[in-house]
Protein chains: 2
Amino acid sequence: MKKLIGKLGVISVLLIAMSMTVFANQRVYKLKMATTWGKTASPLIDTSIKMANLAKVMSNGQLIIRVDSASKHKAPLGILDMVKAGQYDIGHSASYYWKGKDINTLPFTSMPFGMTAAEQYAWFYHGGGLELMQKTYKIHKVLSFPGGNTGVQMGGWFKKEIKSVEDLKGLKIRIPGFAGEIMAKAGALVTNIAPGELYTAFERNTIDALEWVGPSMDINMGFHKVAKYYYTGWHEPASELQFIVNKRSYKKLPKNLQEILVLAFRLAAYDMYIQNYDMNAKAWQKMKKEHPQIKVKSFPEDVKKLLKDSNKKLRESMAAKSPLLKEIFKSQEDYMQSIREWTIISDYQYIKDNL
Amino acid sequence: MKKLIGKLGVISVLLIAMSMTVFANQRVYKLKMATTWGKTASPLIDTSIKMANLAKVMSNGQLIIRVDSASKHKAPLGILDMVKAGQYDIGHSASYYWKGKDINTLPFTSMPFGMTAAEQYAWFYHGGGLELMQKTYKIHKVLSFPGGNTGVQMGGWFKKEIKSVEDLKGLKIRIPGFAGEIMAKAGALVTNIAPGELYTAFERNTIDALEWVGPSMDINMGFHKVAKYYYTGWHEPASELQFIVNKRSYKKLPKNLQEILVLAFRLAAYDMYIQNYDMNAKAWQKMKKEHPQIKVKSFPEDVKKLLKDSNKKLRESMAAKSPLLKEIFKSQEDYMQSIREWTIISDYQYIKDNL
């Protein structure tokens with residue numbers, strides 16, 4: 001009898017130990033993610049939500065990520081700060097929003113006259129880009145990963161045609177960031193207007209032109225109803241969003257969940273590029289059908305030259321202030337120079353042959 | 001004492017039941033995958049292996065996929081048959097290899113003068129393409145998913161420049177499949193030569209021209225050492241590989257592992273597109289440097305027109321024989337017509353502005 005009790009006891013202890021191990025492997029980890037996007041900012045917020053769903057599916061329910069849109073945390077441009085402080089574990093935003101705090105974060109979103117989406121993904125994953133991004137984010141104690149691409153953004157909506165550099169002089173335009181600095185150098189009066197007031201300002205001629213994103217996101221803003229000229233893109237050829245993760249939060253996860261999180265980032269990012277490509281195509285067809293007066297234009301040669309020259313000067317002055325920024329610029333330039341030749345031989349020539 | 005034994009018994013039974021449930025959730029599923037590719041056919045075989053690794057990581061070791069290259073199963077073009085028969089659970093190949101058995105499988109790889117990689121992914125995931133692919137593969141009792149894209153394939157290596165349609169007449173060229181049929185209609189003498197004998201045949205002028213893939217895979221074949229003209233692509237603008245799964249094998253998996261398998265397919269596919277984009281760029285730089293005599297050419301207008309006209313006629317005659325093929329062609333044409341306009345406004349114009 002004692003033997004039997006002994007045996008049952010041993011079996012029970014063994015089973016308890018085994019179950020504990022197994023259950024530990026199935027522990028649920030709850031993380032919080034803050035995004036820059038509003039609740040209806042498709043495809044940006046879709047990508048945040050999709051990433052959380054992918055992480056849940058891949059982890060068989062072990063990784064549960066709560067997604068807070070901008071209306072919840074009220075700090076759309078404060079994502080890096082909140083993730084750095086551990087207030088959130090993960091952030092979904094765009095690296096160039098933090099250039100005021102750390103200029104080196106600028107080039108990981110998109111650069112004027114820079115790489116296209118396919119070229120840039122190749123740079124991130126095969127050209128040293130991801131390593132440079134981690135190096136840059138190290139001092140912020142977060143990890144950073146590609147988080148979805150918009151593809152080529154349009155140059156913006158203009159009420160009057162731009163026939164030469166002269167037409168830029170005194171032009172009142174809303175265009176933020178680096179591109180705005182370049183436009184200002186070209187003689188434009190660059191203003192900043194809150195998104196909610198943009199349509200009215202444009203309709204009432206408070207501004208003559210504005211830059212937003214591309215057809216997929218412009219269409220809901222209604223700019224095509226008040227401006228006739230839609231200029232092709234030059235300043236954000238492939239804006240890549242970023243998923244950032246607090247390093248302590250990341251380290252608390254078991255290794256396989258760390259891997260899964262990074263895979264969910266990568267898949268959600270690619271998916272957004274394709275989703276937005278489709279959305280742009282459909283939105284453009286809709287705009288064009290409802291407003292056949294819209295003309296797609298490219299800037300004339302002298303404007304393009306001026307923008308390129310100003311861009312070059314601005315890059316040089318920035319690079320002079322930061323060795324790391326200089327290193328990132330050089331890596332992007334070298335890689336682009338090599339891969340662009342292939343883009344021209346392949347996709348560019350193919351489209352040209354089929355115009 | 002009896003009470004104690006009883007209690008321990010109940011506890012043991014409960015723990016056994018719990019452990020069984022938990023262990024069932026952690027059961028390892030071993031699957032076999034046959035690929036069309038040889039052991040060194042990078043990036044194709046890399047993508048098969050990467051997919052298996054992704055599935056393993058995402059499933060925390062529950063999905064173990066053994067990858068058999070062509071040298072193991074000796075049936076590189078018999079993947080559909082083997083997966084259909086259940087000899088393998090999964091296959092990694094290209095849909096157009098089976099057009100002899102089922103003509104409807106043809107359009108899911110790439111079509112002459114068809115969509116680019118980004119356009120085609122958008123069609124698969126947002127334009128009804130994936131649904132049409134499943135509909136097509138239903139009679140084969142397999143599921144089919146995008147499995148990696150080569151990007152634009154080159155038009156091939158030519159010893160002499162093609163200045164007009166006249167130069168195609170009697171030209172001995174190795175170019176398989178649909179493109180070969182079109183070339184034959186244009187007056188070329190289309191021959192088939194085993195890959196292992198291609199270089200010698202080309203060097204000894206048994207053939208005047210040949211089509212292979214693009215720089216990343218052409219470079220190891222050495223064709224650039226014997227031919228001067230490298231023609232840009234028209235016949236495979238975005239060859240998508242396929243992962244296929246036997247339906248019974250798929251149904252045997254728990255739902256979460258089914259989902260994980262499909263996510264591993266999707267991620268491995270996107271990754272290959274980017275990997276090959278990078279490989280093409282690097283291989284092209286290497287070729288160009290070592291053989292500066294190489295000239296990249298596009299076919300002259302009359303040749304392009306002839307190829308397009310022949311393609312159109314061939315499509316029409318094929319579509320007349322199969323209502324499903326007609327439906328797939330129509331879906332691709334309609335979607336491409338819409339999205340190509342966006343490609344021209346965005347990526348094409350952007351590259352053009354920066355030439």
Side-chain angles (χ1 to χ4, degrees), chain A residues 1 4-5 8-9 11-12 15-16 18-19 22-23 26 54 57-58 60 113 116 118 121-122 125-127 151-152 214-215 232-234 237 256 259-260 263 266-267 270 274-275 277-278 280-282 284-285 296 298 304 338-339 341-355, chain B residues 1 4-5 8-9 11-12 15-16 18-19 22-23 26 54 57-58 60 113 116 118 121-122 125-127 151-152 214-215 232-234 237 256 259-260 263 266-267 270 274-275 277-278 280-282 284-285 296 298 304 338-339 341-355:
Chain A
M1 188 59 80
L4 180 61
I5 294 171
L8 280 173
I11 291 168
S12 296
L15 285 170
I16 287 166
M18 281 162 75
S19 301
V22 171
F23 283 118
Q26 295 218 326
L54 286 172
V57 169
M58 290 179 192
N60 200 14
F113 306 108
T116 64
Y121 275 125
Y125 296 127
H126 303 279
V152 178
T232 58
W234 59 279
N256 81 301
E259 288 177 322
I260 280 173
L263 294 178
R266 195 159 89 222
L267 183 50
Y270 286 136
I274 298 304
Q275 182 191 354
Y277 207 100
D278 170 79
N280 273 327
K282 285 173 181 158
W284 167 243
Q285 290 295 335
V296 173
S298 286
K304 279 190 277 188
S338 160
I339 204 163
E341 278 190 49
W342 171 244
T343 300
I344 292 168
I345 294 170
S346 58
D347 285 69
Y348 174 75
Q349 187 62 46
Y350 178 74
I351 299 296
K352 192 178 173 199
D353 284 344
N354 287 283
L355 285 178
Chain B
M1 187 58 78
L4 181 60
I5 295 173
L8 280 174
I11 291 168
S12 296
L15 285 170
I16 288 167
M18 281 163 73
S19 300
V22 171
F23 282 117
Q26 295 219 324
L54 287 171
V57 169
M58 290 178 191
N60 200 15
F113 306 109
T116 64
Y121 276 125
Y125 296 127
H126 303 280
V152 178
T232 58
W234 59 279
N256 82 302
E259 289 176 322
I260 280 173
L263 294 177
R266 196 160 87 220
L267 183 50
Y270 285 135
I274 297 305
Q275 182 191 355
Y277 208 98
D278 169 77
N280 272 327
K282 286 172 182 159
W284 167 243
Q285 291 296 334
V296 172
S298 287
K304 279 191 277 189
S338 160
I339 203 163
E341 278 190 48
W342 171 245
T343 300
I344 292 168
I345 294 169
S346 59
D347 285 68
Y348 174 75
Q349 187 62 46
Y350 178 73
I351 299 296
K352 193 178 171 196
D353 283 346
N354 288 283
L355 283 180

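Protein chains get the first letters and strands the later ones, always in sequence-line order, with residue 1 at the start of each.
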Q. With chain A, which of B:S338, B:G151, B:A122, B:G214 has the greatest number of heavy-atom pairs at distances under 4.5 Å?
A. B:S338

(Q) I need the residue from B:L263, B:I344, B:V296 with the largest number of non-hydrogen atom pairs under 4.5 Å to chain A. (A) B:L263

Q: Indicate yes or no: at least one non-hydrogen side-chain atom of B:I345 is less than 4.5 angstrom from one of A:W284.
A: yes

Q | Side-chain touch B:Q26/A:Q26, heavy atoms, less than 4.5 angstrom | A | yes

**Q.** NZ/A:K352: more than 12 non-hydrogen atoms of other groups inside 6.0 Å
**A.** no

Distance in Å, [X] [atom1] paired with [Y] [atom2], rounded so as to fall on 0.5 Å steps:
X: A:N60; Y: B:N60; atom1: CG; atom2: CG; result: 9.5 Å
X: B:N280; Y: A:E341; atom1: CG; atom2: CD; result: 13.0 Å
X: B:Y121; Y: A:I274; atom1: OH; atom2: CD1; result: 8.0 Å
X: A:D347; Y: B:T116; atom1: CG; atom2: OG1; result: 6.0 Å

Q. B:Q349 side chain to A:T232 main-chain N or O, any donor-acceptor pair under 3.5 Å?
A. no

Taking all non-hydrogen atoms of both residues into account, name the closest pair between [X] and [Y] and its distance.
X: B:M58; Y: A:I260; answer: O-CD1, 3.4 Å
X: A:G233; Y: B:Y350; answer: O-CD1, 3.5 Å
X: A:I339; Y: B:A281; answer: CG1-CB, 3.4 Å

Q) Aromatic rings A:Y270 and B:Y270: how do their planes relate, parallel, tilted or perpendicular, breaks at 30° and 60°? A) tilted

Q: Show your working on side chain to side chain contact (heavy atoms under 4.5 Å, CB included) between B:T343 and A:Y277 and close with a plain yes or no.
A: CA-CA 9 Å; B:T343 300; A:Y277 207 100; 2.7 Å; yes

Q: Against chain B, label A:V57 side chain, backbone, both or neither, depending on which of its atoms sit under 4.5 Å from a heavy atom there.
A: both

